[in-house]
Structure formats: structure tokens, C-alpha cells
2 protein chains.
Amino acid sequence: MRIEAIGQLPGTAEEDELGGLLRAAVGRLYRRFRSERPDGELGDAALAVLTRLHKHGPQTLTALSGIDRVSPASMSQTVNRLTSAGYAVRTRDAEDRRKVLLSATDSGHAVARAARAKRNAWLDERLRALSPEDRAILARAAELLEAIADS
Amino acid sequence: MRIEAIGQLPGTAEEDELGGLLRAAVGRLYRRFRSERPDGELGDAALAVLTRLHKHGPQTLTALSGIDRVSPASMSQTVNRLTSAGYAVRTRDAEDRRKVLLSATDSGHAVARAARAKRNAWLDERLRALSPEDRAILARAAELLEAIADS
DNA sequence: TATTGTTATACTCTATAACTATA
DNA sequence: TATAGTTATAGAGTATAACAATA
């Protein structure tokens, strides 16, 4: 606990506080999202991968693991849950046979659509209650947060 | 930049899409936060609880589980990790002996301070790179996201 | 040798069910 | 009976280490 010595300088207090507030808000909202999961459905990591395959088409395992900053080993296991459920398939790349392309199956696409509709219902309801200005702020914030996650 | 859509046709596809974009951004950033965890440190759930005890003082178990929308059983186990590490203590409420008050220990407070400094370093760096306008947007967005998580 | 992916193992986080203790 | 909390058990998600296959 010697790191206590790292004090926050007065001049940087505001943005320091923004970091803490942002982290807390993202953490709480993420856990809230997770708590909305209906029984027997895919977990959040698997659904995020399936949604990506649904929206952006086939991807290699390494690409998927890079996107979520997760180890390839971890992503391989998440993909196992999708293939076991019949929502995705592995295809060997013909040109570079080390690579594996993941694709959503027909039922995978259907599940991705349905899950989004169900799981975002309560979020959409809350967004509709906001002013157009606040929605615009959140739209811009979503872009900024994605950019930060990408960096 | 979707922010230009202010005042245009609220009620249709745009806010629908906002929900999906917001969920994706929050999910990706949360996983990014989690990937920054140094080896041997507390997990994100345990650190979130410790940070809360550090900032807001002693709380009952039920209160903590309500804040993170987690079952009391789950929170009890998260608290077990904190007490095992010596970062928090349980105290029986004298007036209602069913209740348990959780408090951060001295080393718990120190860890909360240190962990915040270490884990937010890269986030603070990215926030400093933004324009004051974008930081203001994120500050307001943090409030909105907290309010949504609370609702 | 380097890259791509997998399996084995272990830890965190979460849930439900069954339980104790107190009100 | 109702409330506050715990323990037991199981599943999702993650990591590292060790491995195989291909380039």
C-alpha cells in the first residue's frame, strides 16, 4: 500500500473525478444490463459475440478476442458455448488453414435479433423518457466510449 | 456524428439504435476496464464494493446487494473475499441483531485509494486528450447512465 | 520459428436452494 | 411469519500454461 504516495494534484482533480464517475457509471449500468438477462439465455459475453457475428459477418477467433480484449483461449471457450447451442459454426479458412472463421447460423441470427429486442426493452423505455438533448448527449457519449475502448 | 440528429423525428429507428449502441459501448468499455486489472488484485465486483465502503462509509449487506442489483447471497460471497483479504470487517448491528454492517479497514481504505489511482491511469490519460466539450458530454452522460442504472 | 487456435485448470462473479438467527 | 444473512452447489466468464497444426 505504498502507492498511497501517489497523490492527486489539485489542478487535475476535475478530470480525475470524471474518470472515477465514468468508471462507476459504466460498471453499474453493465451490472444492471446483466441482471436483466432472462433465465436460460446466453450470457453477456456470448451474446456480445453473437451480436457481432450477426451484424458484421464472419470473423476469425483472433479478431474476436482482440475486439473484447480477451485472451484467444477465453474467446475459444465463449465460442464453444455458441457452437454447442447451434448458434454459430466454425469454418476452416481455405487459404490459411490455421485460421478459423466464426459465423452465425440461421438460428443464431434469429436469437441475436430476439435477444436484442427483449433485453433492450427496458433501456429503450428509459431512453424515450429523456429529452432529445439528453439522447443526443448519450449518442455522442456512446461514440466517445467506443473510441476509448478501442484505444 | 449523430449529435446532429437533435430534434429530428424522435420516436422511430434512431432511439432504437441508440439503445443498442449504448449497450455495446458500455459492454465493451466495461470489459476494457476489467482487462486492465493488475495481477493478484481484487476483481471488479469486490473492488466496486470496497470503493463504495471507502467513499460512503459502512453499509448493510442488503443495501450493498441492492445497489449492484445482485442477490444477497452473491454479495455475501463478494464480501467474504474482502474480509478474507483483511480489507473489510463485519459488525453486528446492536439494535437489530439480524443486520450486518460492512466497513472498510485501514488497509481496505488504502487499497481502494491505490487501486483507483492505478486502474484509472489509462482512462484519465484518454480523457485528458479529449476536448473540454467532449469531457462535458461524458460528465453529463455519466449522470444520465447512473440515473438509468438506478431506475 | 512464428502464428492460430485448442484444451486443462483455476479463480471471480453470479444465481438458486436450503439453512440459521433474529424480529 | 417475515426479514437479514450465510453456506452449498453450479454455471458463465476469464486467465495462464501447455499443446497441436499450419505458415
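Because only heavy atoms are used, hydrogens play no part in the values below, and waters and symmetry mates are left out as well, while side chains stay in. Within every chain, numbering begins at 1; the chains are lettered A, B, ... in the order of the sequence lines, protein sequences first and strands thereafter.
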K.L.:
Do B/R128 and B/E125 meet the salt-bridge criterion of a basic N to acidic O distance under 4.0 Å?
P.N.:
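A salt bridge is absent here (no side-chain N lies under 4.0 Å from a carboxylate O).
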K.L.:
Touch check for A/A73, heavy atoms < 4.0 angstrom, all strands: base, sugar-phosphate only, or nothing?
P.N.:
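Base contact - A/A73 has a heavy atom under 4.0 Å of at least one base atom.
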K.L.:
Under 4.0 Å from OP1 or OP2 of C/dG5: is there any side-chain N or O of A/S76 that close?
P.N.:
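Negative; the distance criterion is not met.
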K.L.:
To the nearest angstrom, how far is B/L82 atom CG from C/dT12 atom P?
P.N.:
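For the pair B/L82 CG and C/dT12 P, the rounded distance is 11 Å.
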K.L.:
Could you tell me whether the side chain of A/T78 and the main chain of A/V49 form a donor-acceptor pair under 3.5 Å?
P.N.:
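No; judged by distance alone, with no hydrogens or angles, the pair does not exist.
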K.L.:
For B/Y30 and C/dT14, give me the distance from atom OH to atom C1', rounded to whole Å.
P.N.:
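Rounded to the whole Å, the gap is 11 Å.
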K.L.:
Let me spell it out: for each of A/G43 and A/A94, pick the nucleotide of DNA chain D with the closest heavy atom. Which residue's pick is nearer the 5' end?
P.N.:
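Going by which nucleotide is closer to the 5' end, it is A/G43.
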K.L.:
Return the value, rounded to whole Å, for the distance between atom CE of B/M75 and atom C1' of C/dT16.
P.N.:
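Answer to the nearest Å: 17 Å.
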K.L.:
In terms of the nearest nucleotide of DNA chain C, which residue is placed more toward the 5' end: B/L42 or A/K99?
P.N.:
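Looking at DNA chain C, the more 5' nearest nucleotide goes with A/K99.
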K.L.:
Send over the distance from A/R92 CZ to D/dT22 P, rounded to a whole Å.
P.N.:
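Taking CZ of A/R92 and P of D/dT22, I get 7 Å after rounding.
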K.L.:
Please state whether the rings of B/Y30 and A/Y30 are parallel, tilted or perpendicular, taking 30° and 60° as the class boundaries.
P.N.:
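Ring orientation, 0 to 90° scale: parallel.
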K.L.:
Using a strict threshold of under 4.0 Å (side-chain N to carboxylate O), is an ion pair present between B/R32 and A/D150?
P.N.:
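The answer is no: the pair does not qualify as a salt bridge.
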K.L.:
Can a side chain N or O of B/N80 be found less than 4.0 Å away from OP1 or OP2 on D/dT7?
P.N.:
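Looking at the OP1 and OP2 atoms of D/dT7, one of them is under 4.0 Å from a side-chain N or O of B/N80.
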K.L.:
Tell me what A/S35 touches on the nucleic acid: a base, only sugar-phosphate, or nothing, going by heavy atoms under 4.0 Å.
P.N.:
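No contact.
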K.L.:
Could you tell me the separation between the OH atom of A/Y87 and the P atom of D/dA12, rounded to a whole number of Å?
P.N.:
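Those two atoms, OH and P, are 12 Å apart.
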K.L.:
Could you tell me whether the phosphate oxygens of C/dT12, OP1 or OP2, come under 4.0 Å of any side-chain nitrogen or oxygen in B/T78?
P.N.:
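Negative; the distance criterion is not met.
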K.L.:
With a 3.5 Å distance limit and no angle check, can you tell me whether A/E143 reaches the backbone of A/A139 through a side-chain donor-acceptor pair?
P.N.:
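Absent.
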K.L.:
Please determine whether any donor N or O and acceptor N or O are separated by less than 3.5 Å between the side chain of B/Q77 and the base of C/dA15.
P.N.:
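Looking at the base of C/dA15, it does pair with a donor or acceptor on the side chain of B/Q77 (distance under 3.5 Å).
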K.L.:
With no hydrogens and no angle check, do the side chains of B/S84 and B/R81 hold a donor and an acceptor under 3.5 Å apart?
P.N.:
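No, no side-chain donor-acceptor pair sits under 3.5 Å.
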K.L.:
Phosphate oxygens OP1/OP2 of D/dA20: is one of them under 4.0 Å from a side-chain N or O of A/R98?
P.N.:
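No.
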K.L.:
It should be established whether B/R90 places a side-chain nitrogen or oxygen under 4.0 Å from OP1 or OP2 of nucleotide D/dT6.
P.N.:
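Checking D/dT6 against B/R90, a side-chain N or O does come within under 4.0 Å of OP1 or OP2.
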K.L.:
Within less than 4.0 Å of OP1 or OP2 of D/dT14, is there a side-chain N or O belonging to A/S71?
P.N.:
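Looking at the OP1 and OP2 atoms of D/dT14, neither is under 4.0 Å from any side-chain N or O of A/S71.
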K.L.:
Hey, which sits more toward the 5' end of DNA chain D by its nearest nucleotide, A/P72 or B/V100?
P.N.:
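By nearest-heavy-atom nucleotide position, the 5'-most residue is B/V100.
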K.L.:
Rounded to the nearest angstrom, tell me the gap between atom CG in B/D96 and atom C1' in D/dG5.
P.N.:
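My rounded result for the distance is 11 Å.
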K.L.:
Roughly how many Å is it from CG in B/D68 to P in C/dA15, rounded to a whole number?
P.N.:
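Distance check: B/D68 CG to C/dA15 P gives 10 Å.
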K.L.:
What is the distance from CG of A/L101 to C1' of C/dG5, rounded to the nearest Å?
P.N.:
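Rounding to the nearest Å, CG of A/L101 and C1' of C/dG5 are 13 Å apart.
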K.L.:
From the options D/dA15, C/dG5, C/dC13, select the nucleotide whose nearest atom is closest to the side chain of B/D44.
P.N.:
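Closest of the options to the side chain of B/D44: C/dC13.
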K.L.:
Compare side-chain N and O positions of B/T62 against OP1 and OP2 of D/dG5 and report whether any pair is under 4.0 Å apart.
P.N.:
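For D/dG5, OP1 or OP2 has a side-chain N or O of B/T62 closer than 4.0 Å.
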K.L.:
Does B/R97 make a side-chain N or O approach to OP1 or OP2 of D/dA4 shorter than 4.0 Å?
P.N.:
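Checking B/R97 against D/dA4: no side-chain N or O falls below 4.0 Å of OP1 or OP2.
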K.L.:
With a non-hydrogen cut-off below 4.0 angstrom, is A/E95 in contact with a base, only sugar-phosphate, or nothing?
P.N.:
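Counting heavy atoms under 4.0 Å across all strands, the contact made by A/E95 is with sugar-phosphate only.
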K.L.:
Is A/R81 near enough to D/dA12 that one of its side-chain N or O atoms lies under 4.0 angstrom from OP1 or OP2?
P.N.:
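Looking at the OP1 and OP2 atoms of D/dA12, neither is under 4.0 Å from any side-chain N or O of A/R81.
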